[in-house]
Amino acid sequence: EPTLTDSQVLQFCQDGYLILKGVVPDEINRKTLEFLQIHTEHTPTPMLDEDWFVDNVITNPVAAGAIRSVLGKNFQLTMPFMANHRSEGPQPAQNWHKDGGFAHTPALDSLQVFYYPQDTPLEMGPTELIPGSHLLYSTSPFMRHYSSIKQSVSTAAPAGSIVLTVYSIWHRRATSTAHGTRHLLKYW
């Protein structure tokens with residue numbers, strides 16, 4: 001069922017993102033991190049065959065309800081694919097970019113979903129977003145020269161947080177100053 005109000009949907013359409021903090025249970029976050037210790041590849045897609053993961057992350061009632069609110073009742077996982085944007089800190093910030101394959105269109109018919117299975121404070125280099133940038137037409141080569149952008153927003157969040165974004169939003173991995181591994185699972 002949809003879980004966002006009309007005002008929240010309009011805010012999402014304007015900003016291009018929504019952070020759902022700590023909506024995945026701690027037990028699932030631990031199981032996810034254990035799985036990622038064994039499956040170290042960039043695309044741990046076998047995780048999508050695990051009922052415990054699908055039930056608590058992919059079809060998480062809070063996240064799926066928000067997606068339903070934004071995309072309508074017949075939404076689906078675009079492809080059975082997931083990426084782990086694992087980052088070993090410390091790291092400098094990435095360049096600003098939009099992910100490949102995006103199409104600039106006024107239609108809101110595709111979302112990126114990020115899942116942090118561990119606490120991801122600023123020191124771990126969470127994803128940074130530029131609110132409203134999905135409404136601008138530009139390609140990544142024209143964005144790379146920017147460094148800090150005053151209106152950017154950090155997705156720093158506790159373990160079990162899910163972030164919904166419009167696919168074409170400008171984003172990057174922020175600077176990480178901490179030592180350790182940051183996991184960011186991403187699907188569409």
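These numbers were taken from a predicted model, which means no experiment stands behind them.
Of all heavy-atom pairs spanning Met124 and Gly180, the tightest one is CE-C, 4.3 Å. Looking at every heavy atom in both residues, Cys13 comes nearest to His134 through O-NE2, 2.8 Å. For the residue pair Pro117 and Asn29, the shortest heavy atom distance occurs at O-CB, 3.2 Å. In terms of heavy atoms, Gly22 sits closest to Ser161 at N-OG, 2.9 Å. Across all non-hydrogen atoms, the minimal contact from Asp119 to Ala159 is OD1-N, 2.8 Å.
Thr32 places a side-chain N or O within 3.5 Å of a backbone atom of Ile28 that can act as its donor or acceptor partner. A side-chain donor-acceptor contact under 3.5 Å links Arg173 to the backbone of Pro92. A donor-acceptor pair is defined here as one N or O able to donate and one able to accept, closer than 3.5 Å; such a pair exists between the side chain of Arg86 and the backbone of Thr40. With Ser154 contributing its side chain and Ala156 its backbone, the two residues share a donor-acceptor pair below 3.5 Å. Using a distance-only test at 3.5 Å, with no hydrogens or angles considered, no donor-acceptor pair links the side chain of His183 to the main chain of Ser87. A distance-only check finds a donor-acceptor pair linking the side chain of Gln118 to the backbone of Thr181 [under 3.5 Å]. Put simply, the side chain of Glu50 never gets that close to the backbone of Met47: no donor and acceptor are under 3.5 Å apart.
By the neighbour-count criterion of 12 heavy atoms within 6.0 Å, atom CD of Glu27 is sparsely surrounded, having that number or fewer from other residues, nucleotides or ligands. Applying the 6.0 Å contact sphere to NZ of Lys21 captures no more than 12 heavy atoms from other residues, nucleotides or ligands. Heavy-atom neighbours of Asp49 CG from other residues, nucleotides or ligands within 6.0 Å: above the threshold of 12.
Side chains of Glu128 and Ser152: a donor-acceptor N/O pair is present below 3.5 angstrom, by distance only. In summary, the side chains of Gln91 and Ser176 do not present any donor paired with an acceptor at a separation below 3.5 Å, with no hydrogens or angles considered.
Note on Leu20 and Leu10: separate hydrophobic clusters, where clusters join Ile, Leu, Val, Met, Phe, Trp and Tyr whose side-chain heavy atoms are under 4.5 Å apart, directly or indirectly. Both Val54 and Val24 belong to a common hydrophobic cluster when Ile, Leu, Val, Met, Phe, Trp and Tyr are linked at side-chain heavy-atom distances under 4.5 angstrom. Hydrophobic clustering keeps Trp52 apart from Leu33 (ILVMFWY residues linked when any side-chain heavy atoms are closer than 4.5 Å, directly or through intermediates).
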task = Kindly determine whether Phe81 and Trp188 satisfy side chain to side chain contact (heavy atoms under 4.5 Å, CB included), including the steps that lead there.
result = CA-CA 8 Å; Phe81 173 83; Trp188 297 266; 3.0 Å; yes
Chi angles and distances behind the side-chain hydrogen bond (donor to acceptor under 3.5 Å, both in side chains) call for Asn84, Tyr115 = CA-CA 9 Å; Asn84 182 7; Tyr115 162 51; over 6 Å; no
Worked verdict on Asn60 versus Asn56 for side chain to side chain contact (heavy atoms under 4.5 Å, CB included) = CA-CA 5 Å; Asn60 176 283; Asn56 290 283; 5.6 Å; no
query = Run the side chain to side chain contact (heavy atoms under 4.5 Å, CB included) check on Met82 and Lys186 step by step: do they pass?
reply = CA-CA 6 Å; Met82 184 175 11; Lys186 182 162 66 169; 5.9 Å; no
message = Would Phe12 and Leu111 count as a side chain to side chain contact (heavy atoms under 4.5 Å, CB included) here? Give the steps.
response = CA-CA 11 Å; Phe12 179 86; Leu111 299 178; 3.6 Å; yes
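A centroid separation of less than 6.0 Å is found between the aromatic rings of His42 and His85.
Here Asp51 contributes atom CG and Thr59 contributes atom OG1; the two are 9.5 Å apart, rounded to the nearest 0.5 Å. The distance from atom OG of Ser168 to atom CG of Leu136, rounded to the nearest 0.5 Å, is 9.0 Å. Taken from NZ in Lys98 to CD1 in Ile130, the straight-line distance is 10.0 Å, to the nearest 0.5 Å. Between the NE2 atom of His97 and the CH2 atom of Trp170 there is a distance of 12.0 Å, given to the nearest 0.5 Å. Rounding to the nearest 0.5 Å gives a distance of 9.0 Å between CG of Leu48 and CG of Leu185.
Every residue meeting the side-chain contact (heavy atoms from CB on, under 4.5 Å) condition with Ser69, not counting sequence neighbours, appears here in chain and number order: Pro2, Thr3, Leu4, Val9.
Using a 4.5 Å heavy-atom threshold, the side chains of Gln112 and His171 count as touching. In this structure, Arg182 and Pro126 have side chains that are not in contact, with every pair of non-hydrogen atoms separated by 4.5 Å or more. Counting heavy atoms from C-beta outward, Leu108 and Val70 have side chains that approach closer than 4.5 Å. Counting only heavy atoms from C-beta outward, the side chains of Ser133 and Val166 never approach each other to under 4.5 Å.
Think of Ile19 as one node in a network of Ile, Leu, Val, Met, Phe, Trp and Tyr side chains linked at under 4.5 Å; its network also takes in Tyr17, Phe114, Tyr116, Leu129, Val153, Val163, Ile169, Leu184.
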